[in-house]
Enquirer: 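One structure, pasted below without further comment.
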Amino acid sequence: MQADSIGFFMWSAKRTDVSGFLRATYKEPQNGQKVFFSPSEGGTSVHVFYPQILKNGTPDGRLWLRNVKCGTPEATGLQNSTRALRSEPGFGAGGENVTDIDIPLSEVPAP
């Protein structure tokens, strides 16, 4: 972590995006037949993100340490935030008062 900075870890998961429709059992079988509910069957109105998984079972992605210089608008925004979960710019896109340091997943021990 850099001096005079707020530091925290950031994670961006690699994912596979799939569009399609859902088909699920809607209610108990009637006359021995399952009853399905398929909103927009054949359409692409449902969008699902599936995480990509490494061979060791952990999710694939990017891990980095974000340093935000104290006394800057970015740091003030972090300190005044009351949200437990917030959206942050991606790696290298935090602005001039933000430094991102990549952490290779090979350096992170598997669970």
Enquirer: Please list, chain by chain and in numerical order, all residues satisfying side-chain hydrogen bond (donor to acceptor under 3.5 Å, both in side chains) with Ser81, sequence neighbours excluded.
Expert: Arg86

Enquirer: State, yes or no, whether a side-chain contact exists between Asp17 and Tyr50 at a heavy-atom distance under 4.5 Å.
Expert: no

Enquirer: Is there a path of hydrophobic side-chain contacts, each under 4.5 Å between heavy atoms of I/L/V/M/F/W/Y residues, joining Trp11 to Phe49?
Expert: no

Enquirer: Test side-chain contact (heavy atoms from CB on, under 4.5 Å) on Val98 and Asn67 and set out the steps.
Expert: CA-CA 6 Å; Val98 177; Asn67 291 279; over 6 Å; no

Enquirer: Which residue pairs satisfy the ring pair (Phe, Tyr, Trp, His ring centres under 6.0 Å) criterion with at least one member in residues 79-102, sequence neighbours excluded?
Expert: Trp64-Phe91

Enquirer: For the pair Ile103 and Leu65, evaluate side-chain contact (heavy atoms from CB on, under 4.5 Å) and give the outcome as yes or no after the intermediate values.
Expert: CA-CA 7 Å; Ile103 300 172; Leu65 176 64; 4.3 Å; yes

Enquirer: Set out, in order, the CA-CA distance, both residues' side-chain angles and the distance that settles side-chain contact (heavy atoms from CB on, under 4.5 Å) for Thr16 and Gln52, then state yes or no.
Expert: CA-CA 7 Å; Thr16 301; Gln52 294 180 15; 3.4 Å; yes

Enquirer: Please identify each residue that fulfils side chain to side chain contact (heavy atoms under 4.5 Å, CB included) with Asp4, with sequence neighbours left out.
Expert: Lys69

Enquirer: Exactly one of Thr72, Thr76, Leu78 should register a side chain to side chain contact (heavy atoms under 4.5 Å, CB included) with Glu74. Which one does?
Expert: Thr72

Enquirer: So, using side-chain hydrogen bond (donor to acceptor under 3.5 Å, both in side chains) as the criterion, who are the partners of Asp60 when residues are at least two apart?
Expert: none

Enquirer: Would you check if the side chain of Ser5 reaches a backbone N or O of Ala3 as a donor-acceptor pair within less than 3.5 Å?
Expert: yes

Enquirer: How far apart are the C-alpha atoms of Asp102 and Arg62, what are their side-chain angles, what is the distance that settles it, and do they pass the side-chain contact (heavy atoms from CB on, under 4.5 Å) test?
Expert: CA-CA 8 Å; Asp102 208 11; Arg62 179 178 226 162; 3.3 Å; yes

Enquirer: Please find the pair of heavy atoms, one from Cys70 and one from Ala75, that lie closest to each other, and give the distance.
Expert: CA-CB, 4.0 Å

Enquirer: Tell me, which pairs form a salt bridge (charged side-chain N to carboxylate O under 4.0 Å, His left out) where one or both residues lie in residues 45-54, sequence neighbours left out?
Expert: none

Enquirer: State which residues pass side chain to side chain contact (heavy atoms under 4.5 Å, CB included) with Pro73; sequence neighbours excluded, sorted by chain then number.
Expert: Asn97

